[in-house]
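Report on the following structure.
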Amino acid sequence: MIDLNYIKENSEKFSELMKNRNIIISVEDILRLEIEKKNITSNLQELQTERNLVSKVIGTYKKEKKNTLHLEDKVTELKNKITTVEMNLKEIEIELNKILFSLPNVPDEDVPIGKSESHNKEVYRKFIPIEFKFQPMAHDILGKNINNMMDFDLGASLSGARFVVLKSQLALLERALINFMLDLHTTKHSYVEVSAPHIVKKEALIGTGQLPKFVEDLYKVGEDKWLIPTAEVTLTNFYRNSILNERELPIRLVSYSSCYRSEAGSAGQDTKGMIRLHEFKKVELVSIVKKDKSEEELERLLKSATTVLDLLELPYRVIKLSTGDMGFSASKTYDIEVWLPSQNKYREISSCSNCRDFQARRMKTKYKDSYGMKEFVHTLNGSGLAVGRTLLAILENNQINENTIKIPNILVNYMNGKKEISTKK
């Protein structure tokens, strides 16, 4: 959530920044509601003070055995007024919060301005895509060729469209990737591994920004029970309603989880193969830091994620997202895109974002500095990496022929010594 003081002090700039994020907002409406809230709060405090004074007089009169009937009537009158004012205040707060909770984060000054992904800026590339001597096949065809180890028909019969079942050596490859990523991030990048629930309450999704705006993209499975779209939700909410000590920061967490997204607005987009599934696996990185450390931490998080691709030797590029393409909670985002030969282009495999204090304000998460001052923490998150997309990138970039895939050297030990996946037994 955006600091209301920032909106008041930078109203014109704020309107322009929201416009850059494809949001048209009336700052006047926000400021009007804030003034109404202040006035009603002030009125409420006056009524409460008057009620307390009258109650105190009643106590004195009773000790002196004086008649208090008229004063008790006054207290009743004040209580009724207070109830009415409290209801009015609640209505104003709901209306104001409805607006504030629907607004995306303010972009950093170095974020490219633009309405869509066409305005994103490439930062760098690494590894030159291989030039195949044959027409490279798509991962779903390769998965079927290799003894149907990637079975979309079975996934559809069990769960519907856009689900998949991995079998045998591809299931092993998936597990190898998960273990490799977790080992790398815990031993080399100093993240603490966490295993957390895949079901959360509404409050957690509000805290990280998925609700209320993106309700259609989520799966609700019970009364106030929701499947997580990413482990970012659980990890970041560990510290909701908390005041941390400065010495506890930075906090760096990593978790492997399944992720669940209905992708309500993506009909017809990338629905072939494993690019966009309703259930997919991901290794997520989350950092919680002091307010002056988040820019530095974003670069560190990005490096942790790209190291996975470095070790797998997969061609990729890093993109800085524009104001119109960033996620709701982000103030700045780097996308990592891996090369897919069958599509002859780069596709997203990770987003690494700095959310600054946007999520912390929603979660009420602060830290106490060395002077005893309380400040909102800054939160960051990124995929390290999306497991399914990493797997399909390996299949496509490491295909030897239509029936054989080379295993990256870094994964051979995780694959029980296997150097290839093929139709051979």
Side-chain angles (χ1 to χ4, degrees), residues 164 166-200 204 208 227-239 250-261 274 277 279-289 297-314 316 318 334-336 338 348-353 379-395 397-398 405 407-419 421:
V164 67
L166 299 181
K167 309 171 190 173
S168 185
Q169 296 173 60
L170 284 191
L172 176 59
L173 177 58
E174 180 183 67
R175 179 157 53 91
L177 281 168
I178 294 165
N179 289 335
F180 158 62
M181 292 178 192
L182 289 173
D183 285 349
L184 176 67
H185 295 313
T186 54
T187 62
K188 302 297 183 182
H189 301 149
S190 302
Y191 287 86
V192 175
E193 185 177 353
V194 173
S195 177
H198 293 182
I199 294 177
V200 294
T208 44
L227 291 174
I228 59 169
T230 165
E232 167 203 345
V233 176
T234 40
L235 299 184
T236 311
N237 273 279
F238 282 177
Y239 303 97
I251 293 170
R252 299 186 179 107
L253 306 173
V254 59
S255 183
Y256 149 71
S257 76
S258 288
C259 305
Y260 307 87
R261 301 181 187 179
M274 289 182 66
L277 298 174
E279 179 182 353
F280 59 96
K281 296 174 176 63
K282 187 152 66 83
V283 172
E284 185 74 1
L285 305 173
V286 163
S287 296
I288 299 173
V289 301
E297 186 69 14
L298 179 59
E299 300 300 323
R300 184 188 188 280
L301 191 153
L302 175 65
K303 180 63 177 175
S304 296
T306 56
T307 298
V308 177
L309 293 173
D310 291 339
L311 294 172
L312 292 172
E313 300 181 275
L314 292 172
Y316 68 91
V318 173
Y334 291 114
D335 265 11
I336 306 169
V338 69
E348 179 197 337
I349 198 168
S350 172
S351 283
C352 298
S353 299
T379 61
L380 303 95
N381 65 79
S383 304
L385 301 166
V387 177
R389 292 195 180 188
T390 308
L391 184 146
L392 69 88
I394 290 172
L395 297 188
N397 284 281
N398 288 22
I405 309 297
I407 299 299
N409 293 331
I410 195 70
L411 294 180
V412 171
N413 287 339
Y414 289 95
M415 291 289 292
N416 300 324
K418 290 181 182 293
K419 296 184 179 182
I421 292 177

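Just so it is clear, the structure is predicted and the values come from calculations on it, not from any experiment. Heavy-atom basis, side chains included; hydrogens, waters and symmetry copies ignored.
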Legend entry - Separation of K167 NZ from Q169 CD (nearest 0.5 Å): 13.0 Å

Legend entry - Side chain proximity check, L312 to L177, heavy atoms < 4.5 angstrom: yes

Legend entry - 4.5 Å side-chain heavy-atom contact, L253 and E284: no

Inset, instruction - Identify the two heavy atoms, one from Y256 and one from H198, that lie closest to each other, and give their separation to 0.1 Å. - result: O-NE2, 4.5 Å

Legend entry - Which atom of I336 lies closest to which atom of C352, heavy atoms considered: CD1-SG, 4.3 Å

Inset, instruction - Could you give me the CA-CA distance, side-chain angles and deciding distance for T390 and V338, then say whether side-chain contact (heavy atoms from CB on, under 4.5 Å) is met? - result: CA-CA 8 Å; T390 308; V338 69; over 6 Å; no

Considering only distance and modelled atom types, tabulate donor-acceptor pairs under 3.5 Å from the side chains of residues 187-195, sequence neighbours left out.
unit_1, atom_1, unit_2, atom_2, d
T187, OG1, D183, O, 2.5
H189, ND1, H185, ND1, 3.0

Legend entry - Nearest-0.5 Å distance that lies between atom CZ in R175 and atom NZ in K281: 12.5 Å

Inset, instruction - Give the minimum heavy-atom separation between L301 and G382, together with the two atoms involved. - result: CD2-CA, 3.8 Å

Inset, instruction - Give a yes or no answer on whether the side chain of S350 reaches the backbone of S383 with a donor-acceptor pair at less than 3.5 Å. - result: yes

Legend entry - Exercise: do Y316 and D310 side chains pair donor with acceptor under 3.5 Å: yes

Inset, instruction - Might you confirm whether atom NZ of K418 has over 12 heavy atoms from other residues, nucleotides or ligands at distances under 6.0 Å? - result: no

Legend entry - Closest heavy-atom pair and its distance - V289, P250: CG1-CB, 3.7 Å

Legend entry - M274 vs F280 side-chain heavy atoms within contact, under 4.5 Å: no

Inset, instruction - Would you name the heavy atoms of A204 and N237 that are closest together and state the gap between them? - result: O-ND2, 2.9 Å

Legend entry - Steps toward side-chain contact (heavy atoms from CB on, under 4.5 Å) verdict (L395, L170): CA-CA 10 Å; L395 297 188; L170 284 191; 3.8 Å; yes

Inset, instruction - Please examine the side chains of F238 and I251, heavy atoms only from C-beta on, and report whether any two atoms are closer than 4.5 Å. - result: no

Legend entry - Atom pair CG (L385) and CD1 (I349), whose distance is rounded to the nearest 0.5 Å: 5.0 Å

Inset, instruction - To the nearest 0.5 angstrom, please state how far the CD1 atom of I410 sits from the CG atom of L184. - result: 8.0 Å

Inset, instruction - Rounded to the nearest 0.5 Å, what's the gap from CZ on R261 to CD1 on I228? Could you check? - result: 9.5 Å

Legend entry - Side chains of N398 and I407 in contact at under 4.5 Å (non-hydrogen atoms): no

Legend entry - Test item: M415 and I421 side chains (from C-beta on) under 4.5 Å apart, heavy atoms: yes

Inset, instruction - Would you check if R300 and E297 make a side-chain contact, meaning some heavy-atom pair closer than 4.5 Å? - result: yes

Inset, instruction - Could you grab the distance from atom OG1 of T306 to atom CG of L311, nearest 0.5 Å is fine? - result: 9.5 Å

Inset, instruction - Look at the side chain of N381 and the backbone N and O of E232, then say whether any donor-acceptor pair between them is shorter than 3.5 Å. - result: no

Inset, instruction - Search all heavy atoms of M181 against all heavy atoms of G384 and return the closest pair with its distance. - result: SD-O, 3.5 Å

Legend entry - Partner of V286 under side chain to side chain contact (heavy atoms under 4.5 Å, CB included), chosen from T234, V233, L235: L235

Legend entry - Validation row: L391, L166 side chains within 4.5 angstrom (heavy atoms): yes

